[in-house]
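Shown next, in structure tokens, is the structure this report addresses.
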Amino acid sequence: MFICTKIVLLMNTHPSILNEVKLGNYKVLARTLTLVENDIAPANLILRDLDSKNNIPVVGITGPPGAGKSTLVNAITNHFVSTEKRIAVLAIDPTSPFNFGSLLGDRIRMSNQFNNPNVFIRSLATRGALGGISAKTIEMVDVLKASNFDLILVETVGVGQSEVEIAGLADKTIVVLVPESGDEIQNIKSGLMEIADCFVVNKADRDGADTFANNLKKIIHQGVKTIPILKTVADKGTGIDELCKWIVKPSDANHEKKAFLFAEKAWRIIQQQKMQHIDKKRLREEIQAALEEDHFNIYRFADEFI
């Protein structure tokens, strides 16, 4: 009861909220993220008092479904926790089209981290963003950056070409592939190579892993930048040390990418603000009614609804 009362009082004074977040109060941090995710006051005031240029590194981890992203995130977290680092994990899951909640909210593969005082895990639904990145994701990461974490990991939904959206959020982007991802190599030419700072061939103990990694190297060498290719077996911890050394390695200053990152953030924040007046519940109700009519046209409906 005392804790709940304290949190309620803090919600009424957003400077106190930020102070508690900076001190690493997980209960207040979780509540603050809920306020921001659902646009509940004083979320706007909290966001506007954040330091958006702080130096907490954000690492995005993306890749096709089944590549072992969650297992890899768990292994990376284990590595850094063993060195007394504080890690925040934002796991972005597919959204239910019916209630807009997370379909995979239970982070089963990271269950051993739940009681670790140096690890904070939060699941977030994509809310219809194809690449898993919405304005809410950006805002929640900025709140995490205001706390005293040493590293923030963002695991996104893997859905193909739209994975490139993570480039608008992360300082470094890891693209996770598996030896069976033959078709993914063709996709790399069309977008992933542009945003990947590192390729990880996970489940590298499977047949064909070396051949796959070599083919990947041939494609990457055709590009304008050198991208490391690392092999891991995340569930066994193989290759994790080398990957974590790359994660903490200072990246070359890239002012063009920094401008791109903030432009993407601004674009999504502005987009969200412009859409705030759209009531999704009323939209679904009117769509349901319109579908009963003859000659329904989604484009005419959208024009009239707006």
Side-chain angles (χ1 to χ4, degrees), residues 11 30-47 60 62-67 69-70 90-109 121-143 154-169 181 183-184 186-187 190-192 195 263-306:
M11 293 304 111
R31 178 57 178 162
T32 302
L33 290 172
T34 299
L35 296 178
V36 169
E37 183 179 7
N38 296 285
D39 287 321
I40 300 172
N44 287 338
L45 296 176
I46 293 171
L47 291 171
T62 188
K69 297 186 293 294
S70 294
L90 186 63
I92 305 172
D93 293 321
T95 301
S96 165
F98 302 105
N99 60 21
F100 296 97
S102 171
L103 288 174
L104 297 175
D106 295 328
R107 310 306 303 176
I108 298 172
R109 294 179 183 83
I121 302 173
R122 178 71 176 231
S123 289
L124 172 66
T126 60
R127 299 193 170 207
L130 290 178
I133 304 299
S134 65
K136 288 295 142 196
T137 309
I138 293 169
E139 293 170 1
M140 292 173 75
V141 168
D142 281 339
V143 172
V154 181
E155 178 197 342
T156 74
V157 177
V159 286
Q161 289 295 321
S162 55
E163 290 160 354
V164 299
E165 291 191 7
I166 188 62
L169 175 68
S181 301
D183 293 340
E184 289 296 321
Q186 299 305 316
N187 292 338
S190 306
L192 286 181
I195 61 100
E264 283 294 306
K265 284 187 178 185
W267 172 270
R268 295 193 177 280
I269 292 168
I270 293 169
Q271 184 182 54
Q272 181 199 26
Q273 291 174 347
K274 294 293 185 182
M275 291 290 290
Q276 280 183 340
H277 69 286
I278 302 296
D279 185 337
K280 282 190 176 181
K281 182 179 179 181
R282 184 170 69 87
L283 174 63
R284 291 196 298 273
E285 291 173 349
E286 294 195 17
I287 278 281
Q288 188 173 7
L291 289 172
E292 301 295 329
E293 301 174 2
D294 294 332
H295 309 296
F296 170 76
N297 181 284
I298 187 63
Y299 302 101
R300 291 196 299 269
F301 174 89
D303 289 340
E304 294 169 2
F305 187 85
I306 293 173

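Because only heavy atoms are used, hydrogens play no part in the values below, and waters and symmetry mates are left out as well, while side chains stay in. All of these numbers come straight from a predicted model, not from anything done at the bench.
With Leu90 as reference, Thr137 is the one residue of Leu33, Thr137, Ile121 to meet the side-chain contact (heavy atoms from CB on, under 4.5 Å) rule.
Here the shortest heavy-atom pairing between Val36 and Ala43 reads CA-CB, 3.9 Å.
In this structure, the side chain to side chain contact (heavy atoms under 4.5 Å, CB included) partners of Lys281, at least two apart in sequence or on a different chain, are Asp279, Arg284, Glu285. Residues that satisfy the side chain to side chain contact (heavy atoms under 4.5 Å, CB included) test with Ala302, not counting sequence neighbours, are absent from this structure. Residues meeting the side chain to side chain contact (heavy atoms under 4.5 Å, CB included) test with Asn297, sequence neighbours left out: Tyr299, Arg300. Under the rule for a side chain to side chain contact (heavy atoms under 4.5 Å, CB included), the partners of Leu283 that lie at least two apart in sequence or sit in another chain are Ile287, Phe301, Phe305. Annotation: side chain to side chain donor-acceptor pair (under 3.5 Å) contacts of Asn44 (sequence neighbours excluded): none.
Looking at Lys69, its side chain does come within 3.5 Å of a backbone N or O of Gly63 through a donor-acceptor pair.
In this structure, Thr32 OG1 and Ile46 CD1 are separated by 5.0 Å, a value rounded to the nearest 0.5 Å. The CD1 atom of Ile92 sits 9.0 Å away from atom OG1 of Thr62, with the distance rounded to the nearest 0.5 Å.
Side-chain contact between Leu47 and Val143: present, with at least one pair of heavy atoms (C-beta onward) separated by less than 4.5 Å. With contacts defined as side-chain heavy-atom distances shorter than 4.5 Å, the pair Glu286/Glu304 does not qualify.
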